[in-house]
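For the numbers below, each heavy atom of this structure counts, side chains included, while hydrogens, waters and symmetry mates do not.
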Amino acid sequence: MDLNKRFSIAHHDRCPQPSADYQFYEAIRKSSQQFRDEIYDIYFGKIFRYNYQEQEIYDNYSRLHEVAYGNVMGVEASDEQVDYLFRIQKEFGITISLTINQLNIPVEIFYSKNHRVIDAFLDWLQGFYDRGLRSCTLANNHMMRTGFLQNKFPEMLWKNTVNQQITTAQQVLDYLYLGYNVIQLDRSLNRNMDELKRVKD
């Protein structure tokens, strides 16, 4: 691990001025090499949207719903912003990282008929992977534990979310066993030197 890469910075998703998309790219392009070398990644949100009939899960309902699964902040990068982010990754070697840190996971992701929704989610994620995405924050312990994500996207670096509030060395170990490669700690653990030493051990 390169210890010089110390900053994970947020992308300005859903900025109202389209010109800001280019300005973000330009800010990175005009930055010093020293600054760029210190960026661990740039994280951004994108929302997976899908429709489902409630009868797919509950036989006595038949309403059609549109559901969104993604970033808890409720914002996402535009397609144009994503294009610029991939450009930053390609031109400057700065990793970009998709954030899907919603903790309340829609039940139909796991229980839709013929696995339709989870297959659609995997296809959606595959689109990013095929373009070169290799880092993703995913707050879905069950999906991580099954191992199929790691098999389908073998080069992906999986990060938990700070919203899962990892506060002990045991939790760090638990999340590593779930299949996460990068453990993001709760701020209370960052201040607990004794527990951080146990994590290191």
Handout entry: Validation row: C136, I100 side chains within 4.5 angstrom (heavy atoms)
Key = yes
Practice task
Taking side-chain contact (heavy atoms from CB on, under 4.5 Å) as the test, write out the residues that go with N140, two or more places apart.
Solution key: Y69, I105, F110, L138, H142, M143
Completion exercise
The side-chain contact (heavy atoms from CB on, under 4.5 Å) partners of L173 (sequence neighbours excluded) come to Q170, Y177
Problem - Minimum side-chain heavy-atom gap D79-K46 below 4.5 Å - result: yes
Handout entry: Heavy-atom check, side chain of E26 versus side chain of R29, under 4.5 Å
Key = yes
Fill in the blank from the handout: Excluding I47, membership of its hydrophobic cluster (Ile, Leu, Val, Met, Phe, Trp, Tyr; side-chain heavy atoms within less than 4.5 Å) reads none
Fill in the blank from the handout: Here the pair of heavy atoms bringing F153 nearest to L122 is CZ-O, 3.8 Å
Problem - Residue pairs passing the salt bridge (charged side-chain N to carboxylate O under 4.0 Å, His left out) test where at least one lies in residues 148-164, sequence neighbours excluded - result: D41-K159, R134-E155
Practice task
Return yes when atom CD of Q33 has more than 12 non-hydrogen atoms of other residues, nucleotides or ligands closer than 6.0 Å, and no otherwise.
Solution key: yes
Exercise for the section: Quick one: list whatever passes side-chain hydrogen bond (donor to acceptor under 3.5 Å, both in side chains) with T95, sequence neighbours left out. Expected result: none
Problem - salt bridge (charged side-chain N to carboxylate O under 4.0 Å, His left out) partners of residues 179-192, not counting sequence neighbours, each pair once - result: none
Handout entry: Close side-chain approach of F44 and I96, heavy atoms under 4.5 Å
Key = yes
Completion exercise
For L133 and Y129, the nearest pair of non-hydrogen atoms, with its separation, is O-CD1, 3.4 Å
Practice task
Please name the pair of heavy atoms, one in K5 and one in D37, separated by the smallest distance, quoted to 0.1 Å.
Solution key: CG-O, 3.2 Å
Problem - Closest non-hydrogen atom pair between Y22 and Y84, with its separation - result: CD1-OH, 3.4 Å
Handout entry: Heavy-atom pair of closest approach, residues Y43 and T99
Key = CB-OG1, 3.6 Å
Completion exercise
Sequence neighbours excluded, the answer for ring-ring contact (aromatic ring centres under 6.0 Å, His included) partners of Y180 is Y175
Practice task
Answer yes if the ring centres of H12 and F24 are under 6.0 angstrom apart, and no otherwise.
Solution key: yes
Exercise for the section: Evaluate the side-chain proximity of N71 to Q102: yes if any heavy-atom separation is below 4.5 Å, no if none is. Expected result: no
Exercise for the section: With sequence neighbours excluded, tell me which residues meet side-chain hydrogen bond (donor to acceptor under 3.5 Å, both in side chains) with R145. Expected result: none
Handout entry: Short N-O contact, R49 and E76, less than 4.0 angstrom
Key = yes
Exercise for the section: Please confirm whether Y40 and F7 have ring centers closer than 6.0 angstrom. Expected result: no
Practice task
Compare all side-chain heavy atoms of D194 with those of N192 and state whether any distance is below 4.5 angstrom.
Solution key: yes
Problem - Interatomic spacing from OG1 in T167 to CD in Q171 - rounded to 0.5 Å - result: 4.0 Å
Exercise for the section: Can you run down the salt bridge (charged side-chain N to carboxylate O under 4.0 Å, His left out) pairs that involve residues 174-185, sequence neighbours left out, and say none if there aren't any? Expected result: none
Exercise for the section: Give, for atom CG of L85 and atom CG of D13, the distance between the pair rounded to the nearest 0.5 Å. Expected result: 8.0 Å
Exercise for the section: Determine, step by step, whether V182 and W158 satisfy the side-chain contact (heavy atoms from CB on, under 4.5 Å) criterion, reporting the C-alpha distance in whole Å, the side-chain angles of both residues, the deciding distance to 0.1 Å, and the verdict. Expected result: CA-CA 6 Å; V182 175; W158 298 102; over 6 Å; no
Handout entry: V82 and F128, any side-chain heavy atoms less than 4.5 Å apart
Key = yes
Practice task
Rounded to the nearest 0.5 Å, what's the gap from OG on S97 to CD1 on I9? Could you check?
Solution key: 12.0 Å
Handout entry: E195 side chain vs A169 backbone, donor-acceptor pair below 3.5 Å
Key = yes
Problem - For T161, all residues meeting side-chain contact (heavy atoms from CB on, under 4.5 Å), sequence neighbours excluded - result: N101, L103, T137, A139, N163, Q164
Exercise for the section: Grab the two heavy atoms, one from N160 and one from I183, that are nearest each other, plus how far apart they are. Expected result: OD1-CA, 3.2 Å
Handout entry: For I94, side-chain contact (heavy atoms from CB on, under 4.5 Å) partners two or more places apart
Key = I28, R36, I39, I42, I88, F92
Problem - Non-hydrogen side-chain atoms of L185 and V172 separated by less than 4.5 Å - result: yes
Exercise for the section: Enumerate the residue pairs fulfilling salt bridge (charged side-chain N to carboxylate O under 4.0 Å, His left out) with a member in residues 161-172, sequence neighbours excluded, ordered by first and then second residue. Expected result: none
Problem - Connected via hydrophobic side-chain network under 4.5 Å: L189 and V162 - result: no
